Amino acid sequence: MPLLEVRSLVKQFPVSTGLFSRRWAQAVDHVDLTVNAGETIGVVGESGCGKTTLVRCLLRIIEPTSGQVIFEGDDLLGLDQPSLRAKRRDMAIVYQNPYLSLSPRLAVRDLIGEPLLTHTSLRGRALIDRVVENLEAVGLSADHLNKRARELSGGQAQRVAIARALALRPKLIVLDEPTSALDVSVQAQVLNLLVKLRAEFGLTYLFISHNLDVVQHLADRIAVMYLGRIVEFGEAEKLFRRAHHPYTMALLASTPEPDPDIKESSVALEGSVPSLLAPPSGCHFHPRCPWAQDRCRAESPALRVEEGRLARCHFLVERLPALKN
Amino acid sequence: MTILARWFGSRFAPDSIPARLRHDPLAIFSFLVVLTLILAAAFAPLLTSRAAEGLGEPNPVEKFAPPSAEHIFGADHLGRDLYARVLFGGRTSLAMGFLVVFVAVLIGTPLGAVAGYAGGWVDEIIMRVTDIALAFPPLLLAITIAAALGPSFTNAAIAIALTWWPWYTRIVRAQVVTLRERPFVESARIMGVNGFTIIVRHLLPNALSPVIVQATLDLGSAILTGAALSFLGLGVQPPTPDWGQLVSTGRVYFPDRWWYVTFPGLAIFAATLAFNLLGDSVQDANT
């Protein structure tokens, strides 16, 4: 049984377009996703593709419109508040900007102590010992106990946020662009820390990012999102070697290649992400796709399995041989 | 002044409101006026040899004595030293101001926090009740409540506080509504922290600075409103003195015995102005 299974998740936001008229923006459009224990799933896509909304729905910070989120066998969307609160012991999130995600008036001891206070009976000395243990796990020390977030550097603050997420050894940790707000020099340190902690505690990550390089560093499997839909989902290594969906190809091509001997692919993204209020007909990607045909404009492709990978494109089989050269 | 500045500077974070206030001469001046008034009221028995008169004991031989070295503020229609009356009246008036603001904050803050955090129908009910309370002219409502409860210090304070809490509810709700969406609140919710703890630990500490600003500004108006109720005979009852009530009694003898209204009036003026200036400074320091 997978740790987390998302089935046909939909989230629509009402957008008023006039005094009495409103339309629905489909931020998350029938998303299916499975996360196995011990695995790291990367979710990538441009900003506005719905990856953050997806995460907010599956942690039930906002209520999805429909679908199921099965976590350890229970549908989170069917739980009442007390059972949901108890269930939350097993999930945690690390946000992009630690200065916004750490309560500004609390000291490190209270920030990391909060999950322990909420879900365990640890108090006093034992609680502080556990807090220090977690600080040390992320490379900080007891010296930081009485500091507030604003007194820490970006990297240190993000480490505190990670220690806070880690404190209860949750089964699932969602990482929402955990390095995007940090200095480049610190990004690698934090990524390495995440890899180290995963090995040490057998953690399961759901890693959200717009940066493929960062995701490649961590993820076992990758889901690529475009305009609320998953367009490709498969093993990271294979996906990086050869994308099945044109959008993935374009994303891979847009990442700078440090090795000058490797010739960059010529697929480039043109135009910008269409509005969620007026998504293109048929395949959402067709206005920007170099291979788009009449069929793409008319008919929305389903996710199809191809070489052990899911991709949402009409022309996989037809196109694949042509792209090999 | 420098000692005061150093005391402030050593005790507060560099960007906190008190730390910024110490660079504002007007704030320090008004703070000193407020402090003087509070200390004068607190130590009233030590500052006059006529404490008994201050509390109401008549002294008919000195009826309407004009200001002199013996009675620097003059004496009233029962011969009581007005300086002592004003000192002791300050106890009532200042206490009234603090009590009113305290009760209003105590009622308004939790209601605003709950309305802002819960949202939905809870928010709707609390805010509509707040709107209803705000729809009445405040002084008129306070007069009505005070008249219904019967004239006394406590009843006057309750009456005024009951017309004032809605402002705090609105301020706190507005703060909480914006804070609620912040990642640090979301992060606590994801961890399964309950609503009460989130309000107390994460929302209120970050929502209180505008409340402090409003409370400081309101202290002056609370004293003034308290004085107004006393003036109308709905506050403290004689012989206990109160600035509003002193003005009320003294106005009959104006202008012949001008000192009777002038000195209690000046006290009201000084207190109201100082609290308002301080409130303005706190507001500026907060933005």
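Naming convention: chains lettered A, B, ... in sequence-line order (proteins, then strands); numbering from 1 in each chain. Keep in mind the model is a prediction, meaning the values are calculated, not measured.
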- request: Using distance alone, with no hydrogens and no angle criterion, decide if B:Thr197 and B:Asn194 have a side-chain donor and acceptor under 3.5 Å apart.
  value: yes
query: Hey, are A:Glu46 and A:His210 close enough side-chain-wise for a donor-acceptor pair under 3.5 Å?
result: no
- request: Just jot down the side-chain hydrogen bond (donor to acceptor under 3.5 Å, both in side chains) partners of A:Arg169, sequence neighbours excluded, or say none.
  value: A:Asn134
statement: Turns out that what part of A:Leu102 lies under 4.5 Å from chain B's heavy atoms comes down to backbone
query: For A:Leu117, is it the side chain, the backbone, both or neither that has a heavy atom under 4.5 Å from a heavy atom of chain B?
result: side chain
message: Taking every non-hydrogen pair under 4.5 Å, which of A:Ala86, A:Ala165, A:Pro98, A:Ser103 racks up the most with chain B?
response: A:Ser103
statement: Whatever's closer than 4.5 Å to a heavy atom in chain B on A:Leu106 counts as side chain
When A:Gln81, A:Lys87, A:Arg56 are compared by non-hydrogen pairs under 4.5 Å with chain B, the top option: A:Arg56
- request: For chain B, find which of A:Arg89, A:His119, A:Gln96, A:Arg105 contributes the most heavy-atom pairs closer than 4.5 angstrom.
  value: A:Arg105
task: For the residue pair B:Phe275 and B:Phe98, categorise the inter-ring angle as parallel (less than 30°), tilted (30 to 60°) or perpendicular (more than 60°).
output: perpendicular
query: Among A:Pro115, A:Ala92, A:Pro104, who wins on heavy-atom pairs under 4.5 Å with chain B?
result: A:Pro104
task: Give a yes or no on whether the backbone of B:Tyr117 and the side-chain of B:Arg173 come within a donor-acceptor separation of less than 3.5 Å.
output: no
field: A:Thr118 side-chain N/O to A:Glu114 backbone N/O, donor-acceptor pair under 3.5 Å
entry: yes
